[in-house]
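When a ligand or atom number is given, it counts from 1 through the structure's own listing order. Counting from 1, the numbers follow the sequence of the chain as shown.
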Amino acid sequence: MTYVRVCPFADVPADGALGTEIEGTPVAIVRSGEDLFALNDICSHAEVSLSEGEIYNGTIECWLHGSCFDLRTGKPTNPPATQPVAIYKVKVEDGDVYVSLGSDD
Ligand code: FES
């Protein structure tokens, strides 16, 4: 599993999200309380950035039609989205955020 350095942890807003791109894949880095998550940044309903949405109750809300996605599973918790978004492994090392896009773990 290969982790890629993304950004300083301090760049991710508290209870917010940072949109970025890793090896051509759009990724949202999300802080929710003390927890850090990484998921695909494109809503599964239409192609808008989830990182521009609000974070609450362990979800990120798509700003366009209001579907919320569970930060741990990527699954939508309410319509109109019905498909999950991919989630990725994320860690903090020496103050920097690292993400693995691989599923080979
Ligand atoms: S584009 Fe995200 S819920 Fe419709």
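Classification of K75 and D70 as a salt-bridged pair fails, no side-chain N sitting under 4.0 Å from a carboxylate O.
Under the salt bridge (Lys or Arg N to Asp or Glu O under 4.0 Å) criterion, D11 pairs with no residue at all, not counting sequence neighbours.
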Walk me through whether T77 and N57 qualify under side chain to side chain contact (heavy atoms under 4.5 Å, CB included). CA-CA 11 Å; T77 61; N57 277 346; over 6 Å; no

Atom pairs and distances, donor-acceptor, side-chain atoms in residues 12-39, under 3.5 Å, two or more places apart:
{"unit_1": "D15", "atom_1": "OD1", "unit_2": "G33", "atom_2": "N", "d": "2.8"}
{"unit_1": "R31", "atom_1": "NH1", "unit_2": "V12", "atom_2": "O", "d": "2.8"}
{"unit_1": "D35", "atom_1": "OD2", "unit_2": "R72", "atom_2": "NH2", "d": "3.3"}

Acceptor/donor pairs from residues 59-66 side chains to any protein atom, 3.5 angstrom cut, sequence neighbours excluded:
{"unit_1": "T59", "atom_1": "OG1", "unit_2": "Y56", "atom_2": "O", "d": "2.7"}
{"unit_1": "W63", "atom_1": "NE1", "unit_2": "S49", "atom_2": "O", "d": "3.3"}
{"unit_1": "H65", "atom_1": "ND1", "unit_2": "H45", "atom_2": "ND1", "d": "3.1"}

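Cation-pi geometry between K91 and Y3 is met: under 6.0 angstrom from the ring centre, within 45 degrees of the axis.
Protein N/O/S atoms closer than 2.8 Å to atom 4 (Fe) of ligand 1: H45 ND1, H65 ND1.
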